[in-house]
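Accompanying notes for the structure given below.
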Amino acid sequence: MKEYLKRGALSFVISAFSGLMVNLIIDLCVNGSGHKGFTSISPFFLEHFPSPVMAAYVNIVLYGLIGFSFSFMTFVFDLERVGFIIQAVIYFVVTCAVFVGITMVLWQLQRLPEALISSLAGYAVTYVIMCVIMYKQLKRDMEEINKSII
């Protein structure tokens with residue numbers, strides 16, 4: 001578990017930094033093109049904080065938590081008594097709940113049903129692609145193990 005916590009902490013830092021950089025780039029591009037006072041943080045999210053700086057800090061921490069959950073939850077794939085499909089479902093449910101919960105707070109997706117649906121669809125498609133790749137790798141590993149046994 002200690003190794004998964006280390007991975008989670010590293011992913012937290014990477015995700016938080018990535019979120020900060022994406023927001024910074026968006027702010028620079030939009031403000032640089034003449035839209036003064038633009039911030040890449042949702043105005044609905046900003047309403048909950050005494051200052052935009054505080055909202056930005058919380059925004060960064062929440063991006064980090066998304067990365068932490070994705071990395072930390074990989075422990076489920078090392079559970080030996082649980083099949084791949086169950087592992088994939090557990091990972092999907094937990095990480096999707098964290099991702100959707102946080103993005104709903106950050107971007108107020110519940111106010112924009114189309115954005116919520118497209119975010120869920122994008123997450124599901126990405127996850128299916130990831131599972132197919134993982135399954136193919138698992139199958140290849142099993143074939144190599146079987147060849148070495150024979």
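Below, each value reflects all heavy atoms present in this structure, side chains not excepted, and no hydrogens, waters or symmetry copies.
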ask   = About how many Å separate CD of Glu114 and CD1 of Ile117, when rounded to the nearest 0.5 Å?
value = 7.0 Å
query = What closest approach, in Å, do Ile41 and Ala56 show between heavy atoms, and which atom pair accounts for it?
reply = CD1-CA, 3.5 Å
ask   = Side-chain heavy atoms under 4.5 angstrom apart, residues restricted to Ile, Leu, Val, Met, Phe, Trp, Tyr: same cluster for Val98 and Val58?
value = yes
query = Are side-chain heavy atoms of Asn23 and Tyr63 found at a separation under 4.5 Å?
reply = yes
request  = Considering non-hydrogen atoms only, spot the tightest contact between Ile26 and Ser40 and give its length.
outcome  = CG2-CB, 3.7 Å
key: Gln87 to Leu79 - nearest heavy-atom pair and separation   = NE2-O, 2.9 Å
inquiry  = Tell me whether Tyr127 contacts the main-chain N or O of Ala88 through its side chain, where contact means a donor paired with an acceptor under 3.5 Å.
reply    = yes
inquiry  = A side-chain contact here means heavy atoms from C-beta on lying under 4.5 Å apart; do Tyr91 and Met134 qualify?
reply    = no
inquiry  = Quick check: is Val76 connected to Tyr135 through a chain of hydrophobic side chains (ILVMFWY, heavy atoms under 4.5 Å apart)?
reply    = yes
task = Using a cut-off of 6.0 Å, state whether more than 12 heavy atoms not belonging to Phe84 lie near its atom CZ.
result = yes
key: Reported CG-to-NZ distance for the pair Asp141 and Lys139, which is rounded to 0.5 angstrom   = 12.5 Å
ask   = Are Met1 and Val82 connected, step by step, through hydrophobic side chains (Ile, Leu, Val, Met, Phe, Trp, Tyr) whose heavy atoms are closer than 4.5 Å?
value = yes
inquiry  = Test your reading of the model: is there a side-chain donor-acceptor pair from Ser69 to the backbone of Ile66, 3.5 Å cut-off?
reply    = yes
task = Check Leu120 against Cys96 and note the closest heavy-atom contact, atom names and distance.
result = CD2-SG, 4.2 Å
remark   = In terms of heavy-atom contacts, Ala55 and Leu46 come closest through CB-CD2, 3.5 Å
query = Taking the side chain as C-beta and beyond, is there a heavy-atom pair between Gln137 and Arg140 under 4.5 Å?
reply = yes
ask   = Is a side-chain donor or acceptor of Ser71 paired with a backbone partner of Arg7 at a separation under 3.5 angstrom?
value = yes
query = CZ/Phe12 to CG/Leu5 distance, rounded to the nearest 0.5 angstrom?
reply = 13.5 Å
note = Separation between SG (Cys131) and CD1 (Ile129), nearest 0.5 Å, reads 10.5 Å
inquiry  = Checking Thr95 now: which residues fulfil side chain to side chain donor-acceptor pair (under 3.5 Å) with it, not counting sequence neighbours?
reply    = Tyr123
key: Heavy-atom check, side chain of Tyr57 versus side chain of Leu20, under 4.5 Å   = no
message = Could you work out, with side chain to side chain contact (heavy atoms under 4.5 Å, CB included) as the rule, every residue matching Met104, not counting sequence neighbours?
response = Val100, Leu109, Gln110, Leu116
query = Yes or no on side-chain contact (heavy atoms from CB on, under 4.5 Å) for Ile90 and Phe77, after CA distance, side-chain angles and deciding distance?
reply = CA-CA 9 Å; Ile90 291 169; Phe77 292 108; over 6 Å; no
inquiry  = What's the separation between atom CZ in Phe92 and atom CE in Met130, rounded to the nearest 0.5 Å?
reply    = 10.0 Å
query = Hey, is NE2 on His35 packed in by over 12 heavy atoms from elsewhere, all under 6.0 Å?
reply = no
message = Hydrophobic clustering (ILVMFWY, side-chain heavy atoms < 4.5 Å, transitive) - are Phe17 and Leu62 grouped together?
response = no
inquiry  = Do Phe44 and Ile102 sit in one hydrophobic cluster, given that two such residues count as connected whenever their side-chain heavy atoms are within less than 4.5 Å of each other, even indirectly?
reply    = no
note = Sorted by chain and number, sequence neighbours left out, ring-ring contact (aromatic ring centres under 6.0 Å, His included) with Phe49 holds for Phe45
inquiry  = Just so I know, are the side chains of Ser42 and Asn59 near enough to count as touching, which here means a heavy-atom distance under 4.5 Å?
reply    = no
